[in-house]
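Chain A is the first sequence line, chain B the second, and so forth, proteins listed ahead of strands; every chain is numbered from 1.
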There are 2 protein chains.
Amino acid sequence: MAQVKVLEKVLDANDKIAADNRRLFRERGIVAVNLMSGPGAGKTSLLERVLPRLAARAPVAVIEGDIATTADAERIAAVGVPVVQINTDKLGGACHLEALAIQTALADLPVQGLRWLFVENVGNLVCPAEFDLGETLRVGVLSVAEGEDKPIKYPLLFRQIHLLLLNKVDLLPHLRLDLDRLLENVRRVNAELPVVRCSAATGEGLDEFVAWLERHAEA
Amino acid sequence: MAQVKVLEKVLDANDKIAADNRRLFRERGIVAVNLMSGPGAGKTSLLERVLPRLAARAPVAVIEGDIATTADAERIAAVGVPVVQINTDKLGGACHLEALAIQTALADLPVQGLRWLFVENVGNLVCPAEFDLGETLRVGVLSVAEGEDKPIKYPLLFRQIHLLLLNKVDLLPHLRLDLDRLLENVRRVNAELPVVRCSAATGEGLDEFVAWLERHAEA
């Protein structure tokens with residue numbers, strides 16, 4: 001009988017490009033951090049505070065993902081960090097970033113000698129978690145104003161991240177939030193997930209976030 | 001020459017079913033409200049406060065859309081309103097609701113004599129706005145904790161809604177939010193969009209929301 005060749009797994013185009021990105025990051029010693037959250041959880045505000053600290057010790061760059069506007073890239077440029085804005089409404093993937101957009105954006109960034117690359121994904125707790133960008137680390141941001149139930153309602157993202165930044169903790173005295181129940185919901189979805197309580201407004205927790213990043217960059 | 005029949009526009013399957021839903025709502029005098037927001041903007045909390053007021057005068061039902069969990073449906077059931085929970089992770093459309101899910105859910109609701117049907121979409125400022133459910137009215141919810149830039153960063157949703165509920169205004173004294181800039185960003189995307197400032201926590205603005213609903217139900 002003739003042998004029939006069966007293609008058992010055709011790699012998804014995104015996975016293929018993500019693998020290329022991952023190889024490039026590894027070869028060049030770049031730590032790529034995929035930052036994901038719902039809209040308005042505070043990703044850009046956190047970056048504004050954290051980037052100058054990292055940049056003082058090693059080269060940093062940012063890729064900003066938004067459906068529209070260059071507002072976030074302008075905020076990052078204002079703290080003196082090289083940045084490229086991706087507007088997904090022109091790329092057919094409005095609700096998330098894909099690996100090809102990262103590969104394309106890298107051509108406009110100073111990759112030579114780069115140590116940290118932050119990718120701020122589109123504000124969306126669902127779709128970004130479904131697309132590998134080739135990143136080294138995945139960090140989720142949840143604002144305490146979003147309520148206790150988000151980890152169990154958006155389980156994929158909370159399962160895939162390596163660190164959760166629980167942001168806007170300065171608002172806790174003004175919210176009816178059951179923090180214990182929120183943390184229990186985090187553990188139900190991802191028992192080992194480290195959680196850093198922080199506030200981009202007051203600076204609380206940012207030392208701990210930077211320390212976590214530097215520890216994982218060495219690993 | 002032979003005539004060749006050209007199919008100029010093949011209706012998308014979702015649009016076809018949405019049109020069926022819309023016809024059914026019109027025939028039966030049901031006002032269907034598609035409620036959309038990012039995660040944790042307060043859709044369910046607003047419904048908990050508003051449903052009892054509407055239900056005192058006319059029959060109300062709710063369809064809850066979430067990727068996972070029945071948490072929201074349980075909260076709605078607790079205020080005595082018939083509710084069906086859709087979990088999109090089993091329907092292949094995890095990030096939004098589609099018209100077929102609404103049609104299917106209607107079979108489990110008391111449609112006879114129904115006046116109000118609220119559809120709480122998946123918490124996501126992007127994808128839900130792309131899918132017509134056949135609804136009568138589209139209401140967006142934005143929490144003031146999400147910042148000034150959301151209307152211009154998620155323009156499709158803010159363009160498509162008939163009313164914006166600006167929720168959690170009780171938090172305004174504790175936020176560094178430029179409310180004028182937020183309202184200006186709303187107008188840049190949708191110049192005529194009415195905005196109701198409200199708080200599910202304090203009850204502020206809910207009379208105005210109910211009055212808006214009843215005015216538009218008669219139209």
Side-chain angles (χ1 to χ4, degrees), chain A residues 37-45 64-72 74-75 87-89 93-96 122-130 142-158 167-168 170-177 182 185 188-189 200-202, chain B residues 37-45 64-72 74-75 87-89 93-96 122-130 142-158 167-168 170-177 182 185 188-189 200-202:
Chain A
S37 80
K43 296 186 297 302
T44 316
S45 298
E64 281 292 336
D66 280 297
I67 297 166
T69 83
T70 55
D72 286 355
E74 286 158 25
R75 290 169 62 186
N87 278 158
T88 56
D89 59 355
C95 57
H96 60 274
V122 178
N124 181 340
L125 278 182
V126 192
C127 315
E130 296 169 17
L142 181 70
S143 149
V144 290
E146 293 176 62
E148 297 94 356
D149 55 359
K150 297 303 159 294
I152 53 172
K153 287 173 86 176
Y154 303 87
L156 181 65
L157 189 142
F158 287 85
N167 194 26
K168 309 196 189 182
D170 55 295
L171 292 179
L172 281 174
H174 314 296
L175 300 171
R176 284 181 290 185
L177 181 92
L182 170 55
N185 284 338
R188 276 172 65 186
V189 172
T202 66
Chain B
S37 80
K43 296 187 296 304
T44 317
S45 298
E64 281 291 336
D66 280 297
I67 297 165
T69 82
T70 55
D72 286 356
E74 286 158 26
R75 290 170 62 186
N87 279 159
T88 56
D89 58 355
C95 57
H96 61 275
V122 178
N124 181 339
L125 278 181
V126 194
C127 315
E130 297 168 17
L142 182 70
S143 150
V144 292
E146 293 176 62
E148 298 92 355
D149 56 358
K150 297 304 159 292
I152 53 172
K153 287 173 87 177
Y154 303 87
L156 181 64
L157 189 143
F158 287 86
N167 194 25
K168 308 195 190 183
D170 55 295
L171 292 179
L172 281 173
H174 314 295
L175 299 171
R176 284 182 290 187
L177 181 93
L182 170 56
N185 284 337
R188 277 171 65 186
V189 172
T202 66

Can you tell if the side chain of [X] reaches within under 4.5 Å of the side chain of [Y], non-hydrogen atoms only?
| X | Y | result |
| --- | --- | --- |
| B:D72 | A:D149 | yes |
| B:C95 | A:C95 | no |
| A:S37 | B:P39 | no |
| B:V126 | A:I67 | yes |
| A:L171 | B:L175 | yes |

Counting only non-hydrogen atoms closer than 4.5 Å, does [X] touch chain B with its backbone (N, CA, C, O), its side chain (CB onward), both, or neither?
| X | value |
| --- | --- |
| A:I152 | both |
| A:A201 | both |
| A:A68 | both |
| A:N87 | neither |

Would you mind telling me which of B:S143, B:A145, B:G38, B:A41 has the largest number of heavy-atom pairs within less than 4.5 Å of chain A?
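The residue among B:S143, B:A145, B:G38, B:A41 with the greatest pair count is B:A145.
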Output yes when a side-chain donor or acceptor of A:Y154 lies under 3.5 Å from a complementary backbone atom of B:G123, and no otherwise.
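Here the side-chain-to-backbone pair exists.
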So, the side chain of A:K153 versus the backbone of B:A71: is there a donor-acceptor pair under 3.5 Å, distance only?
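No, because the side chain of A:K153 does not come within donor-acceptor range (under 3.5 Å) of the backbone of B:A71.
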Among the listed options A:G42, A:S45, A:G40, the residue most often paired with chain B at heavy-atom distances under 4.5 Å:
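Top option by heavy-atom pairs under 4.5 Å: A:G40.
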Point-to-point distance, once rounded to the nearest 0.5 Å, from CZ of A:R176 to CG of B:D170
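One finds 8.0 Å between CZ of A:R176 and CG of B:D170.
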Roughly how far, to the nearest 0.5 Å, is CD of B:E146 from CD of A:E146?
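If I round to the nearest 0.5 Å, the distance is 7.0 Å.
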